[in-house]
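Before any comments, here is the structure.
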Protein chains: 2
Amino acid sequence: MRSTRASESEPPVGTAVRIRDAAIRRFGRDGFSAGLRAVAADAGVTAGLVVHHFGSKDGLRAACDGYVLEFIHSEKMKATTRSVNAIAQLAEVEQYAPYAMYALRSIQAGGELGKVFVDRMAKDAEDYLEAGVQSGMIRPSRDPAARARWLTYQHTGSMLLWMSLHGRAVEVDDFRAELRRMSDEVTLPALELFTDGLFVDRTMLDDYLMYVPDPPAAGQQ
Amino acid sequence: MRSTRASESEPPVGTAVRIRDAAIRRFGRDGFSAGLRAVAADAGVTAGLVVHHFGSKDGLRAACDGYVLEFIHSEKMKATTRSVNAIAQLAEVEQYAPYAMYALRSIQAGGELGKVFVDRMAKDAEDYLEAGVQSGMIRPSRDPAARARWLTYQHTGSMLLWMSLHGRAVEVDDFRAELRRMSDEVTLPALELFTDGLFVDRTMLDDYLMYVPDPPAAGQQ
DNA sequence: GCTGTCATTGAACACTCGTTTAGGCTTTGA
DNA sequence: TCAAAGCCTAAACGAGTGTTCAATGACAGC
């Protein structure tokens, strides 16, 4: 063990914090293919020091994951904020925007944080929808968990796609602006669909329910 | 110009075809970070020969893009096949599955092919929806283009997200299996939403229409 | 039969990456 | 005051990358 507290659970302090924050920003901007030297330069240190503090690049990434994850689970993010479009909500707060970008990168890269983050959003969306159902604003579903998961995937996925295609989203401000542009374009069709649906008649749904009498078990996968 | 027909428009022949096909498969499996030597080994040749034929790695990728793009635009893909879930449809045909994987990677990487592919899908979806509206099966929209684009982004994006999170989708068969698994999970909530919508009342939509009297111009961006 | 052209190889180059190592500097504690 | 410990840098290493280059072999046309 060449480091003071490489992969230990103790949170980093001092310079290590600066490195970790720089890494979150840099990884969020450029993805995880960004080099250690770039992160180090952002933090005003050397590449060697980064691995001295975090053991390896994976260790650094794990520290970033852990920090962002802890933030997501913390009370700073209320459940309502955390549901379907949590990322956009996060991005609106200047201080938290880098976390949103980092989380999106992590989702894109298929990291563990990505899974946890999406699961979390889906779970919160389920609660949120359930509350809407209780108060009579949201239609009930035959499989609430699957619906919440699907809506989360749709929303997060389209955001991911938008950023892949349109996103020269390097700077935090660009990222936020791009999310707003997407929101503007999307709101009308979304409200239309959520209000009136897409199909005129019910045959597609009825045929499916006939063909598959038991909807797939909720909470699978 | 060190190559016979590096970036020329003439399509590759013979060994060059084998290299290009190997590249489509390899890039589709591992992403564009896959090395030239790996592609070369798949094709049974040397890295040097690859750049001899295609000028550079970018040249190779451009050739792949062009080929897949030409295929997408070709008559082999009818418009109905090409709409919203074109990728899943492609993946169902053993022979074309690598194109689907390559296209998804290209979308993920934000390449030009990705943009064109998504635009194409959105355009086809618009026509498809319009036909449905004409025949009385699909509800009309105040902004059909935006709706088609949004539905395309949602579907393609969630596919992208699914593959990022669940996809150890290295092999063609795994890719197809994963798409099917996703389809199973998604069908019920999708049909529910498309049939009945999500909101019980119309206040959200009406408020929006009141607040923004003119829906954003179609076909922007 | 000779010459030129093309396909192809294998080695080398220049570069970046993550990681290692040796050492200097500062702080701490006895 | 001296030694240990920790922070930090600069340089180097080895493995990867895309790309270049000289050499080889096959095959065409004259």
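So that the names make sense, note that chain A is the first sequence line, chain B the second, and so on, each numbered from 1.
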Tabulate atom names and distances for all N/O pairs under 3.5 angstrom spanning the protein and nucleotides 14-18 of chain C.
unit_1: C/dG18; atom_1: OP1; unit_2: A/K57; atom_2: NZ; d: 2.6
unit_1: C/dG18; atom_1: OP2; unit_2: A/L36; atom_2: N; d: 2.8
unit_1: C/dG18; atom_1: N7; unit_2: A/R37; atom_2: NH1; d: 2.9
unit_1: C/dG18; atom_1: O6; unit_2: A/R37; atom_2: NH2; d: 2.7

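- A/W150 and B/E185 are not linked by any side-chain donor-acceptor pair at a separation below 3.5 angstrom, with hydrogens and angles left out of the test.
- The CZ-P distance, from B/F54 to D/dT20, rounds to 16 Å in whole Å.
- For residues 39-46 of chain A, proximity to DNA chain D is found at A/G44, A/V45, A/T46, defined as any non-hydrogen atom under 4.0 angstrom from a strand atom.
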(message) Applying side-chain hydrogen bond (donor to acceptor under 3.5 Å, both in side chains) to B/Q108 and A/S164, what does each step give before you reach the verdict?
(response) CA-CA 6 Å; B/Q108 187 175 28; A/S164 287; over 6 Å; no

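- Residues passing the ring pair (Phe, Tyr, Trp, His ring centres under 6.0 Å) test with B/F117: none are found, sequence neighbours excluded.
- Nucleotide D/dT17 holds its P atom 15 Å from the CG atom of B/L60, rounded to whole Å.
- Listed by chain and number, the residues in a ring pair (Phe, Tyr, Trp, His ring centres under 6.0 Å) with B/Y67 are B/Y99 (sequence neighbours excluded).
- Residue B/H53 has a polar side-chain atom (N or O) positioned under 4.0 Å from OP1 or OP2 of C/dT8.
- With rounding to whole Å, B/L49 atom CG is found 16 Å from C/dA11 atom C1'.
- With A/F32 as the aromatic partner, A/R105 does not meet the cation-pi criteria of under 6.0 angstrom to the ring centre and within 45 degrees of the ring axis.
- Taking 4.0 angstrom as the limit, A/H52 places none of its side-chain polar atoms (N or O) nearer than this to OP1 or OP2 of D/dC8.
- Across the interface with DNA chain D, nearest-nucleotide mapping of A/G48 and B/D58 shows A/G48 to be the residue nearer the 5′ end.
- Partners of B/F194 by ring pair (Phe, Tyr, Trp, His ring centres under 6.0 Å), not counting sequence neighbours, listed by chain and number: A/F199.
- Considering only side-chain atoms of A/V51, the nucleotide from D/dC7, D/dT19, C/dT19 that sits closest is C/dT19.
- Annotation: side-chain hydrogen bond (donor to acceptor under 3.5 Å, both in side chains) contacts of B/D127 (sequence neighbours excluded): B/K123.
- Taking the side chain as every heavy atom from C-beta outward, A/T152 and A/R149 never approach each other to under 4.5 Å.
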